[in-house]
Amino acid sequence: MMYHKIMVPVDESAAAMRALQEAIMLAKLCNAVLRVVNVVDLAQFSWGGVGALPSEEVRKAVNAAGKKGLEQAEKLLEESGMQYEIEVLESAGDKVADMLIQEATEHNVDLLVMGTHGFSGFMHILMGSVAEGVLRQSDIPVMLLRVRDDD
């Protein structure tokens, strides 16, 4: 099976960059398009709820945070010479796993490649797992790459 579109959710973590590197190698083999997304939680920009800040201020903060989360990824993508799409997704309290599944479906993604921190026990309960949520819901293949010592 050849993959035509591979989606990689990224942030600034080592796990996300490891996943992107693997996705780039796989995309080169398949001549696939990479779709790289960064999820920004709108709640982090408002202490009194999303409606407490003027929408233009929220939009600027979201764009800045999204671009920051994508800077390292975009550099790797440009160096790779691969065809890619890049987008900031905005969450307003949505479950990130649900958003990623919806995004993959809407954009006809064949494969999701994600980094995971590999938390277990109490840390897993505390932090939750976007990767686990995606894996449980996805109808398309999901490749998880574990990075234990993520900063």
Side-chain angles (χ1 to χ4, degrees), residues 1-45 50 58-151:
M1 176 180 177
M2 294 292 285
Y3 298 112
H4 300 285
K5 188 175 277 189
I6 300 170
M7 188 169 97
V8 186
V10 299
D11 52 24
E12 297 174 86
S13 69
M17 290 306 105
R18 169 75 176 94
L20 181 57
Q21 290 168 340
E22 193 71 25
I24 288 170
M25 289 189 296
L26 187 56
K28 283 182 179 180
L29 290 173
C30 299
N31 197 29
V33 174
L34 287 168
R35 179 163 185 78
V36 179
V37 299
N38 177 262
V39 178
V40 177
D41 185 1
L42 295 175
Q44 71 182 318
F45 299 100
V50 173
V58 171
R59 178 75 49 223
K60 286 179 184 176
V62 167
N63 286 337
K67 286 179 183 175
K68 186 171 192 271
L70 290 168
E71 283 175 356
Q72 189 177 3
E74 194 157 19
K75 182 179 177 191
L76 283 173
L77 290 164
E78 287 176 7
E79 289 172 358
S80 76
M82 297 297 306
Q83 182 181 356
Y84 66 90
E85 304 165 355
I86 200 161
E87 187 170 349
V88 175
L89 306 177
E90 298 175 6
S91 169
D94 305 303
K95 288 186 178 179
V96 174
D98 294 346
M99 290 181 65
L100 294 175
I101 293 295
Q102 181 178 351
E103 182 74 7
T105 302
E106 288 176 4
H107 291 275
N108 299 313
V109 169
D110 303 302
L111 174 69
L112 275 162
V113 179
M114 300 179 67
T116 180
H117 301 273
F119 293 130
S120 62
F122 179 72
M123 282 301 290
H124 177 72
I125 293 167
L126 182 67
M127 300 296 288
S129 174
V130 172
E132 183 178 339
V134 167
L135 193 58
R136 288 180 189 264
Q137 296 179 59
S138 183
D139 291 330
I140 63 171
V142 178
M143 177 187 290
L144 298 179
L145 296 143
R146 183 175 178 187
V147 174
R148 291 179 192 222
D149 298 320
D150 200 358
D151 298 310

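In this text, all values refer to a predicted model and were calculated from it rather than measured experimentally.
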Pairwise side-chain contact, L145 with V113, heavy-atom cut-off 4.5 Å (strictly under): yes
side-chain contact (heavy atoms from CB on, under 4.5 Å) involving L135 - partner list, sequence neighbours excluded: V142, L144
Contacts of Q72 that satisfy side-chain contact (heavy atoms from CB on, under 4.5 Å) - sequence neighbours left out: M17
Residue list, salt bridge (charged side-chain N to carboxylate O under 4.0 Å, His left out) with E71, at least two apart or on another chain: none
Counterpart residues, salt bridge (charged side-chain N to carboxylate O under 4.0 Å, His left out), relative to R18 (two or more places apart): E22
Side chain proximity check, V37 to E103, heavy atoms < 4.5 angstrom: yes
Least distance between heavy atoms, A16 atom then D11 atom: CB-OD1, 3.3 Å
Set of side-chain contact (heavy atoms from CB on, under 4.5 Å) partners for V96, sequence neighbours left out: V39, L100, V130
Heavy-atom check, side chain of M114 versus side chain of V8, under 4.5 Å: no
Sub-4.5 Å side-chain heavy-atom contact between I6 and V109: no
4.5 Å side-chain heavy-atom contact, D110 and P141: no
Donor-acceptor pairs under 3.5 Å, side chain of residues 76-85 to any protein atom, not counting sequence neighbours: which ones?
{"unit_1": "S80", "atom_1": "OG", "unit_2": "L77", "atom_2": "O", "d": "2.6"}
{"unit_1": "S80", "atom_1": "OG", "unit_2": "M82", "atom_2": "N", "d": "3.1"}
{"unit_1": "Y84", "atom_1": "OH", "unit_2": "E74", "atom_2": "OE2", "d": "3.4"}
{"unit_1": "E85", "atom_1": "OE1", "unit_2": "K5", "atom_2": "NZ", "d": "3.4"}
{"unit_1": "E85", "atom_1": "OE1", "unit_2": "R35", "atom_2": "NH1", "d": "2.8"}
{"unit_1": "E85", "atom_1": "OE2", "unit_2": "K5", "atom_2": "NZ", "d": "3.2"}

side-chain hydrogen bond (donor to acceptor under 3.5 Å, both in side chains) partners of D98, counting only residues at least two apart: Q137
Shortest non-hydrogen separation from L26 to M143 and the atoms involved: CD2-CE, 4.1 Å
Taking every non-hydrogen atom, the tightest pair across G115 and A19: N-CB, 3.3 Å
Over all atoms of both residues, closest heavy-atom pair of I140 and A104: CD1-CB, 4.1 Å
Over all atoms of both residues, closest heavy-atom pair of G133 and A97: C-CB, 3.7 Å
